[in-house]
Number of protein chains: 2
Amino acid sequence: MKSQSAEESRIAQLCVEHGLKMTGQRRVIARVLSDADDHPDVEELYRRAAALDARISVATVYRTVRLLEEKGILERRDFGGGRARYEVNEGDNHHYHLIDVDNGKVIEFEDPEHEELMRKVAQRLGFDFVSMRLELFGKKRPSAQATAKPAVASKAKRSGEPS
Amino acid sequence: MKSQSAEESRIAQLCVEHGLKMTGQRRVIARVLSDADDHPDVEELYRRAAALDARISVATVYRTVRLLEEKGILERRDFGGGRARYEVNEGDNHHYHLIDVDNGKVIEFEDPEHEELMRKVAQRLGFDFVSMRLELFGKKRPSAQATAKPAVASKAKRSGEPS
DNA sequence: ATACGTGCAAACGATTTGCCCATTG
DNA sequence: CAATGGGCAAATCGTTTGCACGTAT
C-alpha cells in the first residue's frame, strides 16, 4: 500500500487529467489500484473494491480496467493462468517479472542492458523495436528460509509457463 | 513444409516412440504439424487437417495438441490474441519470436547470450532458472520492399502485446 | 477383448455487451 | 439536460468434457 488518505488517489488524479468522468466506483477502483503493490487480476480488484464499497460490479471493474489500459494508465500482464493481471504504468521505469513456479508469487526486477539488447536484435532483423514481453520462471533456491505458502498457483487453467 | 511423402511423418514417429495409439486422425494431425513451418493455432490446424481428411473434429485437434504438449513433442506459445499457437519442440535449439505488429507475422531468431543472462538474473534473485518467455514486437523498418499484406492481425480479441 | 480415441453437444471460465436506469459535468 | 457510466444478465470466445460409440493393440 502506498497512500490511502481521504484525498484523491494517484490514479484518480490521472483519470481526471485524462478527462474521465469521475464516478464513485471509478474513485474506488482507482484507490485500490493506487494502493496495490502487487499484480492483481480483475477478480481480485473486484474483491478489494467491493470491500470498500459494495455498489460495484465485476463488469465495471472490467470496463474500468480496460479504459485505464487504453489511456495508458494501466498495463495488462499475462503471467499464464488465464487471467489478465494489472499494474500501474510506471512510464520509462521498465521492469520485468520473475514468477515463482511453486507459489505464483511475482518478483519484479530490472535489467537495463536487456531492452538495449532486444532493440539491437530487432534492428538486425530489419524491424523497429516496438515493445517486448519477458517473463522469467524460477524455483526458489533451497537455501535460506523454507518456501512460503505451499501453492497459491493451485488450479491454474492452463499455465502459460513453458518447459 | 518439410517432408510429405507417404511414410509416417516425423511427429507420427515421435508419437509411436511415446507409446501413443496411432489413429487415423492422429496421423493426419501429425502430418500437418510435421509439414508446418509456422505457428498455427488450433483452428488453423483443424482447417489443414480437415483438408486432408474430413473425419476430424476440432475437439480431437484440441485433445491431440494437448496430449502432444504434455509429451513434450509440441510447444504451446502465446503471442497474444487469445489463442494458443503451436510449434514442434526442437529440443535445445532454443529460439525466440519477433511479432510484426502490423500483420501478426512471426519471425524466429536466436540469441544465445540471452538465456545465460536470464539464468544469472534468476540466480541473483535467489532462484533457480526454470524457463522463460520472451516475445519481441516490432514494426518493419520502412526501408526496402513495401509492407507485405496489410493486416492479417485484424480482429484479434485483445492483443497481449504491450505498449 | 479391452483400453483408449473420437464426435457431438453441452459445459466452462474469462471477458464483453445490450438494455435500461442512474449519475456526472 | 445531454452525455456517459453502471448493474444485471445474456452473449462470446477459446477450450474442455460427458457420453455413447468406434478402433487400435
Trainee: When you get a sec, tell me which of D/dC8, C/dG5, C/dA14 is the closest nucleotide to the side chain of A/R83?
Mentor: C/dA14

Trainee: Tell me the interatomic distance from B/E43, atom CD, to D/dT15, atom P, rounded to whole angstroms.
Mentor: 9 Å

Trainee: OP1, OP2 of C/dG7 versus side-chain N and O of B/R55: anything below 4.0 Å?
Mentor: no

Trainee: Provide, to the nearest angstrom, the distance between the CD atom belonging to A/E70 and the C1' atom belonging to C/dT16.
Mentor: 12 Å

Trainee: Please check this pair: side chain of B/R55 against backbone of B/Q25, looking for a donor-acceptor N/O pair closer than 3.5 Å.
Mentor: no

Trainee: Rounded to whole angstrom units, what separation is found between the OH atom of B/Y46 and the P atom of D/dG14?
Mentor: 14 Å

Trainee: I'd like to know if A/D41 pairs up with A/R85 as an ion pair, taking the criterion as any Lys NZ or Arg NE/NH1/NH2 lying under 4.0 Å from an Asp or Glu carboxylate oxygen.
Mentor: no

Trainee: Would you mind classifying the nucleic acid contact of B/R63 as base, sugar-phosphate or nothing, using non-hydrogen atoms under 4.0 angstrom?
Mentor: base

Trainee: Please compare A/Y86 and B/G24 by the position of their nearest nucleotide in DNA chain C and report the one closer to 5'.
Mentor: B/G24

Trainee: In whole Å, what is the span from the CG atom of B/L67 to the P atom of C/dC4?
Mentor: 12 Å

Trainee: Reckon B/Y62 has a side-chain N or O less than 4.0 Å from the OP1 or OP2 of D/dT16?
Mentor: no

Trainee: Using a cut-off of strictly less than 4.0 Å, decide whether A/Q25 has a side-chain nitrogen or oxygen near OP1 or OP2 of C/dT23.
Mentor: no

Trainee: Please compare B/R27 and B/A59 by the position of their nearest nucleotide in DNA chain D and report the one closer to 5'.
Mentor: B/A59

Trainee: May I ask you to evaluate whether B/T23 reaches the phosphate of C/dT6, defined as a side-chain N or O under 4.0 Å from OP1 or OP2?
Mentor: yes

Trainee: Taking A/D102 first and then A/K139, would you say they form a salt bridge - that is, a charged N and a carboxylate O separated by under 4.0 Å?
Mentor: yes

Trainee: In whole angstroms, how far is the P atom of D/dG5 from the CG atom of A/L20?
Mentor: 8 Å

Trainee: Of all heavy-atom pairs between B/F137 and B/L98, which one has the smallest distance, and what is that distance?
Mentor: C-CD1, 3.9 Å

Trainee: When you measure from the side chain of B/T64, which nucleotide among D/dA24, C/dT24, C/dT6 comes out closest?
Mentor: C/dT6

Trainee: Starting from P on C/dT23, measure out to CG on A/D53 and report it in whole angstrom.
Mentor: 12 Å

Trainee: Can you tell me the distance, in whole Å, between the CZ atom of A/R26 and the C1' atom of C/dT24?
Mentor: 10 Å

Trainee: Send over the distance from B/K21 NZ to C/dG5 C1', rounded to a whole Å.
Mentor: 7 Å

Trainee: Please name the residue in the list B/L52, B/I11, B/D53, B/T64 that meets the side chain to side chain contact (heavy atoms under 4.5 Å, CB included) test with B/I29.
Mentor: B/T64

